[in-house]
Amino acid sequence: MKHLIDILRAEHHLESNGYKALLECDDDSVVAYLHEQAREVAQGVFARGIFVRGLVELTNVCRNDCYYCGIRNSNTALERYMLTTEQVLQSCQQGYELGFRTFVLQGGELPRDKAQWLVELVSEIRQRWSDCAITLSLGEWPREVYVALRKAGADRYLLRHESHNAEHYAKLHPAEMSLENRLQCLTWLKELGYQVGTGIMTGSPWQSLDNIVEDIEFIERFKPQMIGLGPFVPQHDTPLGKFATGSAELTCRLYSIFRLMFPNALIPSTTALNTIDVKGRIKGIMAGANVVMPNLSPANVRGNYALYDGKAITNAEAAEGIEQLETQLSTIGYHIDWGRGDHKQCTIHNA
Ligand code: 5AD
């Protein structure tokens, strides 16, 4: 098994059954070796710096109805909010003063007539903080909206594909949504010159290891600059609220596989991971993740951006907890890297 890990590190690629074997392996020493190799590779590229991204949760209003997500349109148990332009700019200002140089505007999928508001918002942020990267995580839009947002100054876009298996995708999403459209959006984003992030929830309902292998192989072909992976965490007001929580262990294993596949990728140790495991963030970094995304949203709306139950919303997850984050990172010999943290062109061939 260790031989497979050595091949993945050297060649950045395995056959399907190699990935499957790594996912199935129950030998702790092999998993420890996988994490160690991934950590070494991450340290080779990023030293021991961890990039921070300031997350602004624009809105929990959503036109979509994904079965797993707490802010799905049909969830009437949720108080909806939408930040004003002024609130968003204030959050960015606060983040900028703290040292953040990337803002991530994340939100539910707004009604289509809000596209112009989004474009103007991005444009304003671009003008005020020309030295910052702007990342969007706002779901599916027609191509022309992605064009306008890019022209307005957005640099990066996160859009998880959620599952590359059409049947599985259809079990997680209502009929109006399709894997095909999701992939189309990802292709457009890439063509338009965004740095693109994609990914999945690990342990989502009905997901098999074979499905994960399909996801790995899609990501291998798509070559995103960012890879977002977190465990599925049930939200009690959703149709999938009674399914089991995903595994931190499997999530970390995937961080390591992707780190060996793409040494330069930006891989966040996600909030969902930190929600299901108090040491999740550190474990993610020890498995090769190199980004964390503290929350810059106004404190009074944080509780309503409830994608899943128990979401970590205070302290180290919040920007005010940045000192705590520094301390936490220093215990493992890491530190915050305050740079914009753009994806470096890969120096290693990932054919
Ligand atoms: N558990 C974990 N992650 C979730 N997301 C949405 N709902 C959940 C959940 N219940 C993730 C999705 C989406 C991202 C914004 O949040 O993968 O892409």
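Counting starts at 1 for both ligands and their atoms, in listed order. Reckoned from all heavy atoms, side chains included, excluding hydrogens, waters and symmetry mates.
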S.K.: What protein heavy atom sits nearest atom 16 (O) of ligand 1, and how far off is it?
M.R.: Leu307 CD1, 3.5 Å

S.K.: Could you see which bit of Pro231 sits under 4.0 Å from ligand 1, with heavy atoms only: side chain, backbone, both or neither?
M.R.: backbone

S.K.: Do His164 and Tyr169 make the cut of ring centroids closer than 6.0 angstrom?
M.R.: no

S.K.: Are the aromatic rings of Phe51 and Trp338 close, with centres under 6.0 Å apart?
M.R.: no

S.K.: Ring of Trp141, cation from Arg63 - is the NZ or CZ under 6.0 Å from the centre and inside 45° of the axis?
M.R.: yes

S.K.: Which residue holds the protein heavy atom closest to atom 7 (N) of ligand 1, what is that atom called, and what is the gap in Å?
M.R.: Tyr68 CD1, 3.3 Å

S.K.: Nearest protein heavy atom to atom 1 (N) of ligand 1, by residue and atom, and its distance?
M.R.: Val233 N, 2.9 Å

S.K.: Of the protein's non-hydrogen atoms, which lies at the shortest distance from atom 12 (C) of ligand 1, and what is that distance?
M.R.: Glu162 OE2, 3.5 Å

S.K.: Please check if the distance between the ring centroids of Phe222 and Phe218 is under 6.0 Å.
M.R.: yes

S.K.: Under 4.0 Å from ligand 1, counting heavy atoms only, is it the side chain of Met201, its backbone, both or neither?
M.R.: side chain

S.K.: Which atoms form the tightest heavy-atom contact between Asp65 and Arg72, and what is the distance?
M.R.: O-NH2, 3.1 Å

S.K.: Under a 4.0 angstrom heavy-atom cut-off, which atoms of ligand 1 come close to Arg160?
M.R.: 11 (C), 12 (C), 17 (O), 18 (O)

S.K.: Taking the ring centre of each residue, are Tyr146 and Tyr157 less than 6.0 Å apart?
M.R.: yes

